[in-house]
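For this chain, numbers begin at 1 and follow the sequence in order. No experiment lies behind these values; they were computed from the predicted model shown. Both counts, for ligands and for their atoms, begin at 1 and track the order of listing.
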Amino acid sequence: MEQQEYARRRRELMNLMGDNAVAVVAAAPERPRNRDVMHPYRQDSDLYYLTGFPEPESVLVLIPGRETGEFILFCRERDPDKEVWDGPRAGQDGARECYGADEAFPVDDIDEVLPGMLEGKDRLYCTMGLNPDFDHAILGWVNQVRARSRAGARAPGEFVALEHPLHEMRLIKSPAELEQMRQAAQVSARAHRRAMALCRPGMAEYELEAEFHAIFRRSNGWHAYPPIVGGGRNGCILHYIDNNASLRDGDLVLIDAGVELDCYASDITRTFPVNGRFTAEQRAVYEIVLSAQAAAIDAVRPGNHWNMPHEAALQVLVQGLVNLELLQGDVDQLIEDEAYRPFFMHRTGHWLGMDVHDVGDYRIDGQWRLLEPGMVVTVEPGLYIADTIPEVDERWHNIGVRIEDDVAVTSDGHTILSAGVPKTVADVQAAMAEG
Ligand code: GLY
Ligand code: MN
Ligand code: MN
């Protein structure tokens with residue numbers, strides 16, 4: 001992302017904050033995995049959205065109208081000894097020269113410097129409840145100002161949820177963000193095509209997972225979330241991530257995997273037969289999910305509300321379950337009674353962006369919000385017929401199908417960012433036969 005895109009975002013946020021306000025945003029903490037081993041570091045999405053700054057132990061402060069500079073970054077100092085182990089740091093010069101900070105301070109000095117920046121401000125914008133250590137630090141800085149009230153210092157009187165303005169901004173993607181998300185979706189699409197081409201009975205789920213990892217890393221990306229590669233019964237486990245079973249002839253395999261590129265996620269699911277040919281039962285279920293996805297995608301357009309794709313998918317899924325005699329009764333009544341929940345227990349999508357389940361409200365004043373150009377949603381209906389559901393003929397057992405694409409709302413409808421992964425029965429079987 002270009003530096004000017006980050007500058008534009010800071011400007012827009014500061015305009016929304018108004019005068020005499022200050023915003024404070026923390027970097028994500030580093031997280032231990034096990035003794036002496038850390039998880040790969042991933043910057044906090046809000047801080048990255050506003051700065052592109054990738055380092056831990058940093059704090060962004062925005063003060064609209066501040067004469068000596070509105071964009072302040074606290075970050076680690078250069079340290080040749082530590083950099084031998086962990087690689088280069090931007091330091092304060094880098095924060096100014098490479099990231100455009102007006103002022104930069106060592107993060108070790110934050111307790112001395114930051115309270116003075118809060119003094120006299122009316123409103124303090126921050127996110128509370130995500131990072132208890134940082135919440136505590138903010139209260140400490142505010143209390144430092146309060147402690148000097150007899151000397152005339154005035155602490156911010158109002159704490160304002162930063163996520164209201166900031167997450168509304170993040171919900172509407174700019175052209176540059178949409179291009180980044182399209183690139184991510186296309187890398188993931190390539191990996192899904194590769195998995196279809198390679199899949200053979202007897203392979204392990206992790207062998208297919210390995211193809212995703214290789215393609216994602218070759219694109220300088222990383223998994224946006226733990227990948228799901230579930231054969232047979234495992235495809236009915238929504239958050240299955242063990243990926244260590246053998247793929248059996250005659251089963252389906254469900255793969256939900258997406259790359260994250262420069263902190264933007266993709267999220268794609270495909271389901272296909274391990275041996276390349278759908279059985280009649282698998283095909284019947286698959287066709288229902290495919291039609292439900294088409295109906296839902298068709299409902300992604302400006303002016304429709306958030307829940308309309310879900311409602312469209314539900315109609316098709318429940319009608320399909322009735323046609324297969326897996327449910328009995330009137331479709332609308334079955335929907336009202338949520339009788340479909342043993343087979344379809346999640347929603348049809350979510351916002352997609354820097355976070356795979358991205359930020360942004362789904363309702364406004366109690367009403368489903370309207371879709372607008374620049375929003376990106378996933379469309380991911382599924383049917384999961386686990387062998388534990390009572391009174392289901394065993395020929396349907398362990399057929400788990402989900403089909404998921406990434407869809408951007410445009411001014412006149414939508415565009416599918418993840419286009420190009422086979423989806424119809426004929427296309428899936430052809431792609432597998434070519435492999
Ligand atoms: N892969 C996460 C989801 O589909 O919501
Ligand atoms: Mn999803
Ligand atoms: Mn997914």
Report the atom name of the nearest N/O/S atom of His350 relative to the Mn ion (ligand 2). NE2

So is Arg402 polar-close to ligand 1, meaning N/O to N/O under 3.5 Å? no

Are Gln3 and Tyr99 close enough that a side-chain donor and a side-chain acceptor fall under 3.5 Å? no

For the Mn ion (ligand 3), what is the closest N, O or S atom on Asp267? OD1

Look at the aromatic rings of Phe216 and Phe212 and report parallel, tilted or perpendicular, splitting at 30° and 60°. perpendicular

Testing the 3.5 Å rule here: is there a donor-acceptor pair between the side chains of Gln315 and Asp332? yes

Within 45° cone and under 6.0 Å: Arg369 NZ/CZ vs Trp306 ring: no

So that I can check it, does any N, O or S atom in Glu404 come closer than 2.8 Å to the Mn ion (ligand 3)? yes

Exam field: side chain Glu434 to backbone Ala197, donor-acceptor pair closer than 3.5 Å: no

Could Asp427 and Arg193 be called an ion pair, given the rule that one side-chain N must be under 4.0 Å from one carboxylate O? no

Please give the atom name: the N, O or S atom of Glu380 nearest to the Mn ion (ligand 2). OE2

Under 4.0 Å from any heavy atom of Glu404, which atoms of ligand 1 are there? 4 (O)

re atom 5 (O) of ligand 1, the protein heavy-atom contact at minimum distance is His357 NE2, 2.7 Å

Enclosure of His346 NE2 (heavy-atom neighbours >12, cutoff 6.0 Å): yes

Does ligand 1 have an atom that lies less than 4.0 angstrom from a heavy atom of His346? no

When you measure from atom 2 (C) of ligand 1 to every protein heavy atom, which one gives the shortest distance, and what is it? Asp267 OD2, 3.7 Å

